[in-house]
Amino acid sequence: MSINPTAFQNVMFVNGKYVPASLEPLPVINPATEEKIGTLGNCSAADVNGAIAAARAAFPAWSAKPGAERAEILRKFSAGIIKRKATLAKYETMDMGKPIAEAEWDMDDVAEAYKYYADLAEELDTRQDSAVDCPMPESFNVRMRYESVGVIGIITPWNYPLLMASWKVAPALAAGCTVVLKPSEHASLTCMELGEIAMEAGVPPGVLNITPGLGPEAGNTLCVSEEIDAMAFTGSTATGSHVMTCAAKQIKNVSLELGGKGALIVFDDVEVDKAVEWIMFGVFWTNGQICSSTSRLLIHEKIADKVMKRLKECTEQIFQTDPLDANARMGPVVNKLQFDKILGYIQKGKDAGATVLTGGKRNPKFSKGYFIEPTVFVDVKEDNPIWKEEIFGPVLAVRTFSTEEQAIREANDSPYGLGAAVMSSDPSRCDRVVKALRFGIVWVNCSQPCFVTAPWGGLKRSGIGRDLGRYGFDRFLEPKQVTSYITQDAWGWFLDAPCKL
């Protein structure tokens with residue numbers, strides 16, 4: 001089965017094959033045209049429970065495989081992504097609106113994730129039964145085993161549909177876990193292709209299951225199931241709280257990558273054009289729909305006028321068009337719900353006294369499609385909703401500062417703590433600011449770069465745990481201590497011999 005949005009059917013991928021989903025199929029709408037391009041599976045609770053049962057049945061054999069065998073399959077998975085790169089990127093763009101050049105970059109990152117975690121799966125074999133220092137080596141031998149957590153429920157968002165899924169699916173499979181994936185109902189087409197890639201790569205039936213559908217039915221069934229051993233979620237803070245509540249009732253492990261309201265601090269010793277490029281990339285990348293967006297700009301008052309003038313010029317030159325155009329740098333937002341939400345925040349910003357420097361409305365070049373102009377607000381007060389709340393759209397709020405201490409205080413004054421950035425030509429200043437910022441990710445003289453080898457996640461209401469890197473792998477493993485008494489001497493606590501203690 002290859003992706004074909006004009007004819008995609010109401011299916012799920014369970015126990016190694018595509019089978020019908022039970023509920024009324026969901027429409028797939030191209031956000032650039034507002035036209036229906038296909039349908040998506042819509043799973044019932046019974047459908048999801050069937051997928052969980054398949055994952056449970058497949059777990060013993062998959063977890064027992066040597067890491068090297070799982071690694072071989074994951075490398076085939078990576079090759080399957082590369083083989084389909086052009087198709088996957090095209091349908092990612094048609095499904096959620098990001099420029100095709102971004103989507104192609106995403107597919108490279110997806111393939112790299114499976115390769116990277118294949119290497120860690122292979123390395124896992126060498127970590128098994130590793131020695132642990134013991135204060136009584138003449139009497140005890142202590143070693144460590146790392147065993148698969150079990151069946152993992154994964155719920156992923158629409159802004160990076162295949163990439164966010166792969167950040168969790170790849171390490172989970174590498175660690176020997178089995179998976180039930182519930183992709184976002186707003187953009188699931190590329191995730192559905194994972195089933196075909198899994199079959200081609202030799203993933204045994206039941207190891208990877210994909211259950212598209214709505215959150216209250218398909219997603220919630222995963223959250224409340226006692227047959228799910230751990231949950232991995234990326235999405236809104238409100239939904240993440242529900243996932244965590246369900247997990248708490250069962251004392252179940254959970255990792256959450258949630259919302260953000262990142263700050264970018266720009267000092268007065270920067271090169272203006274370099275600063276403007278990263279300011280724009282930090283907030284308009286992925287059409288502004290990124291949890292780590294540095295959508296709060298703190299600019300030193302000495303250079304504010306100069307930077308704002310250049311930022312206005314450059315923002316108004318962004319090529320926003322049909323996202324399938326290879327030269328597009330912005331496309332539409334994902335759907336009408338998000339479109340209306342973002343325009344609502346723009347109005348709130350105005351009502352609270354902020355000034356629109358540029359943008360601030362639907363792009364008048366387009367009669368159809370959810371195109372919002374890249375928007376910059378100045379004169380923003382600290383209590384303005386566009387400064388405090390996550391918008392998840394191409395909207396930048398700007399404030400000025402006079403001292404380093406003020407900039408740090410305002411950057412940290414947020415319930416979120418995912419990503420932040422600092423720009424300065426002074427390495428010592430950058431180092432001080434990095435140490436003072438309460439965020440899980442801090443960029444220096446840039447914004448948004450992400451690498452599979454480095455952990456990704458935040459503090460406060462931005463979540464718990466980390467994707468990517470070794471952290472993203474080890475969370476799917478349970479460390480088991482194995483301690484052996486290795487001497488023939490009696491222990492001697494209750495019997496007559498003197499105790500070894």
Side-chain angles (χ1 to χ4, degrees), residues 1-4 7-26 28 38-63 65 70 73-74 76-77 80-81 84 114 148-156 161-162 164-166 168-170 172-185 187-233 476:
M1 173 184 285
S2 295
I3 296 176
N4 183 353
F8 205 73
Q9 300 302 308
N10 186 24
V11 298
M12 56 184 179
F13 183 75
V14 175
N15 210 23
K17 57 186 177 182
Y18 289 98
V19 295
S22 297
L23 302 179
E24 185 72 18
L26 302 171
V28 178
T39 58
L40 179 70
N42 188 6
C43 291
S44 67
D47 292 337
V48 176
N49 283 324
I52 294 170
R56 176 62 62 194
F59 174 70
W62 180 249
S63 60
K65 282 184 179 293
R70 297 196 294 267
I73 290 172
L74 288 174
K76 291 178 181 177
F77 225 114
I81 297 291
R84 295 166 172 81
Y114 287 97
S148 312
V149 166
V151 179
I152 310 298
I154 296 176
I155 301 176
T156 52
L162 192 55
M164 294 294 99
S166 298
K168 302 177 192 302
V169 170
L173 297 184
C177 298
T178 55
V179 166
V180 181
L181 167 65
K182 207 294 281 187
S184 170
E185 63 270 25
S188 296
L189 290 180
T190 51
C191 287
M192 294 306 300
E193 183 76 350
L194 287 178
E196 182 171 305
I197 297 171
M199 290 189 289
E200 187 179 282
V203 176
V207 170
L208 173 63
N209 306 275
I210 308 165
T211 55
L214 299 174
E217 179 101 9
N220 192 61
T221 301
L222 274 182
C223 293
V224 301
S225 173
E226 294 186 359
E227 290 300 313
I228 293 290
D229 295 301
M231 287 294 301
F233 173 80
F476 294 114

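Starting from 1, each residue takes its place in the sequence as its number.
Between Pro161 and Leu189 there is no side-chain heavy-atom pair separated by less than 4.5 Å. You'll find the side chain of Phe13 stays beyond 4.5 Å of the side chain of Leu181, heavy atoms only. Residues Thr190 and Pro183 form no side-chain contact, since every pair of their non-hydrogen atoms from C-beta on lies 4.5 Å or further apart. Annotation: side chain of Tyr114 is not in contact with side chain of Ile197 (no heavy-atom distance under 4.5 Å).
For the atom pair Ser166 OG and Leu194 CG, the distance stands at 5.5 Å (nearest 0.5 Å). The CG atom of Leu26 sits 8.0 Å away from the OG atom of Ser188 when rounded to the nearest 0.5 Å. Atom CG of Leu162 sits about 9.0 Å away from atom CD of Glu193, to the nearest 0.5 Å.
Here the closest heavy-atom approach between residue Cys177 and residue Gly150 is recorded as CB-O, 3.1 Å. In plain terms, the two heavy atoms of Ala232 and Lys168 that are nearest each other are CB-CD, 3.8 Å. Pairing each heavy atom of Leu208 with each of Ala198, the nearest pair is CD2-CB, 4.1 Å. The shortest non-hydrogen separation linking Pro212 to Ala218 is O-CB, 4.4 Å. In this structure, Ala58 and Pro205 approach most closely via the heavy-atom pair CB-O, 3.5 Å. The shortest heavy-atom contact between Ala51 and Thr211 is CB-CG2, 3.6 Å.
By the salt bridge (Lys or Arg N to Asp or Glu O under 4.0 Å) test, Glu227 pairs with Arg56, sequence neighbours left out. With sequence neighbours excluded, no residue forms a ring pair (Phe, Tyr, Trp, His ring centres under 6.0 Å) with Phe476. The side-chain contact (heavy atoms from CB on, under 4.5 Å) test applied to Ser44 returns Ser22, Leu23, Ala46, Asp47, Glu217, not counting sequence neighbours. Remark: Lys65 pairs with Trp62, Glu69, Arg70, Pro204 by the side-chain contact (heavy atoms from CB on, under 4.5 Å) rule, at least two apart or across chains. Take Asn49 and apply the side-chain hydrogen bond (donor to acceptor under 3.5 Å, both in side chains) test, not counting sequence neighbours, and it matches no residue. Listed by chain and number, the residues in a side-chain contact (heavy atoms from CB on, under 4.5 Å) with Ala55 are Val151, Thr178, Val180, Asn209 (sequence neighbours excluded). Evaluation of the side-chain hydrogen bond (donor to acceptor under 3.5 Å, both in side chains) rule for Asn15 yields no partner, not counting sequence neighbours.
Note on residues 13-26: no pairs pass salt bridge (Lys or Arg N to Asp or Glu O under 4.0 Å), not counting sequence neighbours. For the salt bridge (Lys or Arg N to Asp or Glu O under 4.0 Å) condition, the pairs that include at least one residue of residues 173-185, sequence neighbours left out, are Lys182-Glu185.
In this structure, Ser184 contributes its side chain and Thr156 its backbone to no donor-acceptor pair below 3.5 Å. Side-chain atoms of Asn10 come within 3.5 Å of backbone atoms of Asn42 as a donor-acceptor pair (strictly under, hydrogens ignored).
With Ile154 as the fixed residue, the side-chain contact (heavy atoms from CB on, under 4.5 Å) test singles out one of Ile210, Val179, Leu222, Ile228: Val179.
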Q) Taking it one step at a time, do Met12 and Val48 satisfy side chain to side chain contact (heavy atoms under 4.5 Å, CB included)? A) CA-CA 9 Å; Met12 56 184 179; Val48 176; over 6 Å; no

